[in-house]
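Since the structure comes first, as structure tokens, the remarks are kept for the end.
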Amino acid sequence: MQHVIKKNGFSETGTIDLTAAGLPGTKDFAYERLTVNANPAHVVATATVK
């Protein structure tokens with residue numbers, strides 16, 4: 001599945017710990033996709049969790 005996501009223009013930004021969602025010890029991948037219409041003024045600084 002990660003191959004399909006990356007092939008469609010998304011890039012991996014880190015991992016997410018799903019303990020707060022009731023799944024202790026479970027990690028998931030975080031992805032983002034930047035588009036041409038992205039306005040730098042709207043981009044908020046985010047922390048990458050690894």
Side-chain angles (χ1 to χ4, degrees):
M1 188 65 184
Q2 286 82 26
H3 171 73
V4 174
I5 293 170
K6 290 177 182 177
K7 186 176 176 182
N8 283 290
F10 289 82
S11 58
E12 188 175 341
T13 58
T15 58
I16 301 169
D17 183 16
L18 297 175
T19 301
L23 300 167
T26 305
K27 304 249 184 217
D28 202 0
F29 296 103
Y31 291 93
E32 72 177 355
R33 181 175 181 213
L34 299 178
T35 63
V36 177
N37 299 327
N39 182 347
H42 296 138
V43 177
V44 225
T46 58
T48 303
V49 180
K50 289 194 177 190

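All values below were derived from every heavy atom in this structure, side-chain atoms included, with hydrogens, water molecules and symmetry-related copies excluded.
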Legend entry - Which atom of N8 lies closest to which atom of R33, heavy atoms considered: O-NE, 3.5 Å
Legend entry - For T19, side chain to side chain donor-acceptor pair (under 3.5 Å) partners two or more places apart: D17
Inset, instruction - Share the residues that join M1 in a hydrophobic cluster, the rule being Ile, Leu, Val, Met, Phe, Trp or Tyr side chains under 4.5 Å apart at the heavy-atom level. - result: I5, F10, F29, Y31
